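Below is one structure; the comments refer to it alone.
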There are 2 protein chains.
Amino acid sequence: MSKRHVSLKTLAQTLNVSISTVSRALRNHPDISAELTQKVQELAQELDYSPNPLAIGLLKHQSNTIGVIVPDLVTYFFSSIISGIESVANEHGYYIVIRCSYESAEKEKECLDNLLKLRVAGIIMCLAQETQDYAHFSNLIEEQVPLVFFDRICRPEEVSTVVVDNLEAARRITRHFFESGYRRIAHIAGPAQLNITQERIQGYQQGLAECDLAFDESLLVHCDLSIPSATEATRQLLALPVRPDAIFGVNDTTAFAAMKEIKRQGLRIPNDVGLVGFTDEFHATVVEPTLTSVMHPTYEMGREAGLLFLEQVNAQAAPAPRQAVLTTQLVIRESSVR
Amino acid sequence: MSKRHVSLKTLAQTLNVSISTVSRALRNHPDISAELTQKVQELAQELDYSPNPLAIGLLKHQSNTIGVIVPDLVTYFFSSIISGIESVANEHGYYIVIRCSYESAEKEKECLDNLLKLRVAGIIMCLAQETQDYAHFSNLIEEQVPLVFFDRICRPEEVSTVVVDNLEAARRITRHFFESGYRRIAHIAGPAQLNITQERIQGYQQGLAECDLAFDESLLVHCDLSIPSATEATRQLLALPVRPDAIFGVNDTTAFAAMKEIKRQGLRIPNDVGLVGFTDEFHATVVEPTLTSVMHPTYEMGREAGLLFLEQVNAQAAPAPRQAVLTTQLVIRESSVR
DNA sequence: AACCTTTGCGCAAAGCTTTGCGGAATTATC
DNA sequence: GATAATTCCGCAAAGCTTTGCGCAAAGGTT
């Protein structure tokens with residue numbers, strides 16, 4: 001760090017005025033004469049003065065950093081959401097500090113603690129898969145620390161959230177399968193405690209009902225969102241006495257793992273088994289057959305989360321928590337139409 | 001923020017001792033009696049005291065945040081490197097603040113300025129594609145601000161860098177094509193000013209030479225690493241009077257764009273055209289045919305960058321810049337063997 | 001010419017931490 | 001019992017910024 005940055009003190013000494021005068025001049029305070037103001041501002045410009053955010057943070061008890069916690073840094077889903085958050089943050093003079101929970105509840109708590117110790121302005125996060133106990137958010141909520149959940153959420157009555165229309169999307173997928181002639185429609189779901197899992201299962205069941213298809217428990221299997229687990233789930237489905245003719249995967253990892261396993265068993269997509277996933281555009285179009293999928297507006301989710309966050313930061317009183325529900329789009333490609 | 005955190009002052013008042021005594025007690029200073037030390041530490045524990053990093057930063061002129069600048073947040077390559085950086089940072093009590101240059105030289109400079117104004121401890125970054133002028137790093141270098149470049153680098157005599165064995169990898173690819181029977185081997189290269197482009201072109205030419213193949217200028221085309229540009233480059237190659245029978249793409253985006261375009265023109269991979277890219281594992285195995293590719297140890301690159309950074313931070317004197325060269329691995333799959 | 005209002009600037013505190021130095025009280029020494 | 005040496009703790013400054021308050025000089029008023 002060294003003596004890189006000049007401070008108000010430097011400016012003041014150079015101009016032979018007091019520090020407070022310099023401070024006021026830089027903020028165009030009317031108490032300071034026009035000519036002195038100009039002289040100060042010119043010198044500040046010349047010496048590349050920038051106020052020390054540490055000092056300001058200390059004084060004002062506020063910070064311009066947003067803590068962001070994701071279960072995983074590497075997948076497209078999260079990195080594009082981060083990208084959205086970063087863009088909003090940047091536009092409003094905020095910086096994002098990223099930590100990864102690696103889907104662990106314990107690590108999530110640790111990340112949270114650490115970021116709070118760092119004195120971030122608040123937290124934007126997606127719950128870890130493992131997290132089932134939501135008590136560690138109580139303090140934050142009570143103390144009105146700005147907090148936004150996205151995708152995997154909890155306590156929505158108390159915390160602002162950004163989600164997609166999971167139920168509706170799952171319903172549409174199911175109906176799309178039906179309309180394409182598929183009748184034994186399976187669903188590889190995520191961990192049972194996650195809101196996204198529950199909502200998508202509900203949509204799946206609702207879709208089945210609307211198509212007058214009975215819900216068959218054996219066609220609903222859970223996985224932990226990892227590739228091996230999704231592969232295993234697919235195997236389980238394909239080993240059923242009466243094989244499903246369509247599979248709807250809960251996310252992109254699941255869908256691709258399923259695709260590989262289906263192919264490995266010598267089955268053809270979409271003829272033998274139809275396949276749909278929640279994915280991002282790039283992946284879905286590069287595989288063969290191209291994958292029908294529900295597009296998450298991930299970048300927009302990130303931006304929306306950022307905006308909800310800023311809303312809380314800027315509010316003098318604590319604003320009522322808001323629920324942003326973004327709409328997904330079912331993009332029909334080769335894998336689900338025969 | 002509010003009154004969330006207790007300060008030394010609170011502890012001192014509660015115990016009726018001075019702030020400095022509390023400070024010393026917490027750091028086990030021998031001047032403080034054992035019993036008082038214990039009392040202080042117990043209270044601190046109870047009240048969940050954590051020292052304010054803003055105050056410490058102000059006092060010691062140092063920070064525990066690392067500025068990270070990437071050209072793109074979304075691609076696997078960068079997000080997995082970020083993941084590596086984050087893990088090292090975390091292990092050593094540092095936090096990473098991420099900014100995105102969107103491949104723009106101007107934005108890159110802006111990110112750099114902003115992060116320095118935030119008083120980060122230093123910068124880990126990958127150059128934007130557009131960046132051709134490296135003058136804005138001179139200040140940092142002179143003032144010995146910890147700085148590490150990865151992948152796309154400049155001024156390696158002055159700055160620590162993390163790269164892969166680009167030349168060697170490109171040479172291996174070329175020879176692999178030759179050994180698989182390909183003879184008109186084309187290369188879709190990146191922007192000419194990037195070190196990675198230059199090194200891979202050199203490796204490509206060296207490989208050709210070793211196989212007694214003449215270098216044909218028309219088989220070397222540049223793209224800007226975007227999908228449309230890579231598609232266009234592929235088109236250009238395939239439209240040549242004598243079509244190449246093998247294409248080596250400079251990165252994953254390029255390789256996949258090429259794959260799509262080759263297929264679109266009704267050509268078969270690997271029979272009509274062999275294809276190899278620099279990619280990550282997941283993408284490469286999910287496409288059809290599976291893609292032979294050079295695997296970047298991306299996570300390791302991130303970790304290495306983090307370690308080189310910490311080396312600079314912890315050194316009292318400025319350490320000599322170090323060049324970490326990680327080795328890639330050529331993973332042969334279906335797309336390059338007929 | 002005496003008083004009042006502006007105008008223009010500085011003092012000092014607060015926010016939190018670390019640390020050199022000084023000082024009071026206790027113990028040891030002669 | 002007086003002096004020297006410990007032991008244990010507090011004062012204050014530094015790091016940087018903002019802001020309420022006070023104060024001097026200048027100008028205006030009668």
Side-chain angles (χ1 to χ4, degrees), chain A residues 1-41 43-44 47-65 93 116-121 143, chain B residues 1-41 43-45 47-65 93 116-121:
Chain A
M1 295 286 288
S2 74
K3 274 283 166 220
R4 268 224 312 293
H5 298 96
V6 307
S7 67
L8 291 182
K9 194 174 175 181
T10 317
L11 301 183
Q13 285 171 347
T14 308
L15 293 172
N16 258 320
V17 293
S18 77
I19 292 179
S20 36
T21 299
V22 174
S23 173
R24 289 194 171 91
L26 290 175
R27 328 180 93 241
N28 288 309
H29 194 287
D31 266 10
I32 310 301
S33 69
E35 48 182 346
L36 182 53
T37 297
Q38 194 186 347
K39 267 202 333 202
V40 170
Q41 294 190 352
L43 185 67
L47 265 51
D48 197 29
Y49 167 80
S50 75
N52 188 326
L54 298 177
I56 296 180
L58 196 56
L59 185 66
K60 302 224 173 152
H61 282 279
Q62 61 178 27
S63 122
N64 54 167
T65 55
L116 292 175
K117 284 184 181 167
L118 188 64
R119 268 63 170 177
V120 294
E143 287 161 11
Chain B
M1 296 287 288
S2 75
K3 274 281 166 218
R4 267 224 313 294
H5 297 97
V6 307
S7 66
L8 291 181
K9 195 174 176 183
T10 317
L11 300 183
Q13 285 171 346
T14 308
L15 293 173
N16 258 319
V17 292
S18 76
I19 291 178
S20 37
T21 299
V22 174
S23 173
R24 289 193 171 91
L26 289 175
R27 328 181 93 239
N28 288 310
H29 193 286
D31 264 10
I32 309 300
S33 69
E35 50 182 345
L36 182 53
T37 297
Q38 193 186 345
K39 268 201 333 201
V40 169
Q41 294 188 352
L43 185 67
Q45 179 94 43
L47 266 51
D48 197 30
Y49 167 79
S50 75
N52 189 325
L54 298 177
I56 296 180
L58 197 55
L59 187 66
K60 302 224 173 152
H61 282 280
Q62 61 178 26
S63 124
N64 54 167
T65 55
L116 292 175
K117 283 186 181 168
L118 188 64
R119 268 63 171 177
V120 295

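The structure displayed is predicted, hence computed values, not measured ones. Here is how names work: the chains are called A, B, and so on, in the same order as the sequence lines, proteins then strands, and each is numbered from 1.
Closest to the Leu59(A) side chain, of the nucleotides dT18(D), dC16(D), dC16(C), is dT18(D). Distance from the side chain of Lys60(A) is smallest to dT19(D) among dG10(C), dT19(D), dG15(C).
In plain terms, the two heavy atoms of Thr14(B) and Thr10(B) that are nearest each other are OG1-O, 2.7 Å. Between Arg119(B) and Thr65(B), the shortest heavy-atom distance links the atoms O-OG1, 4.2 Å.
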Kindly list each side-chain donor-acceptor pair under 3.5 angstrom involving residues 16-28 of chain A, sequence neighbours excluded, with atom names and distances?
unit_1: Ser18(A); atom_1: OG; unit_2: Ser20(A); atom_2: OG; d: 3.2
unit_1: Ser18(A); atom_1: OG; unit_2: Thr21(A); atom_2: N; d: 3.2
unit_1: Ser18(A); atom_1: OG; unit_2: Thr21(A); atom_2: OG1; d: 2.9
unit_1: Asn28(A); atom_1: OD1; unit_2: Gln41(A); atom_2: NE2; d: 2.9

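With rounding to the nearest 0.5 angstrom, the CG atom of Leu116(B) is 9.0 Å from the OG atom of Ser50(A). Distance OG/Ser7(A) to NZ/Lys9(A): 7.0 Å, rounded to 0.5 Å. The structure places NE2 of His5(A) at 10.0 Å from CG of Leu54(A), a figure rounded to the nearest 0.5 Å.
Across the protein-nucleic acid pair, Gln62(B) atom CD and dC16(D) atom C1' stand 16 Å apart, rounded to whole Å. Distance CG (Asn52(B)) to P (dT17(C)): 6 Å, rounded to an integer number of Å. Atom CG of Leu11(A) and atom P of dT17(D) are 8 Å apart (whole Å). When rounded to the nearest whole Å, the span between CG of Leu118(A) and C1' of dC16(C) equals 15 Å. What separates NE2 of His61(B) from P of dC16(C) is a distance of 19 Å, to the nearest Å. Atom C1' of nucleotide dA14(D) and atom CG of Leu58(A) are separated by 13 Å, given to the nearest angstrom. Distance, Leu8(B) CG to dT19(C) P: 12 Å, rounded to whole Å. To the nearest angstrom, C1' of dG15(C) lies 13 Å from CG of Leu54(A).
Asp31(B) is linked by a side-chain contact (heavy atoms from CB on, under 4.5 Å) to His29(B), counting only residues two or more places apart in sequence or in another chain. By the side-chain hydrogen bond (donor to acceptor under 3.5 Å, both in side chains) test, Thr37(B) pairs with no residue at all, sequence neighbours left out. With sequence neighbours excluded, the residues that form a side-chain hydrogen bond (donor to acceptor under 3.5 Å, both in side chains) with Gln38(B) are Glu42(B). In this structure Leu47(B) satisfies the side-chain contact (heavy atoms from CB on, under 4.5 Å) test together with Val6(B), Leu11(B), Leu43(B), sequence neighbours excluded.
Donor-acceptor pairing under 3.5 Å, judged by distance alone, is absent between the side chain of Arg119(B) and the base of dG15(D). With hydrogens and angles left out, the side chain of Arg24(A) and the base of dG10(C) share a donor-acceptor pair within 3.5 Å. For Ser20(B) and dC9(D), a side-chain-to-base donor-acceptor distance below 3.5 Å is absent, hydrogens and geometry of angles not being considered.
For the helix from dA1(C)-dT30(D) to dC30(C)-dG1(D), the terminal axes (five pairs an end, C1' atoms, rotation from four pairs onto the next four) enclose an angle of 70°, given to 10 degrees.
Of the residues in residues 27-41 of chain A, those placing a heavy atom less than 4.0 Å from an atom of DNA chain D are Arg27(A), in numerical order.
Residue Ile56(A) is in sugar-phosphate contact alone, with no base atom involved, counting any heavy-atom pair closer than 4.0 Å across all strands shown. Residue contacts for Ser7(A): at a heavy-atom cut-off of 4.0 Å it reaches the sugar-phosphate backbone alone, with no base atom in range.
Nearer the 5' end of DNA chain D, as judged by each residue's closest nucleotide, is the contact made by Thr21(B), out of Ser23(A) and Thr21(B).
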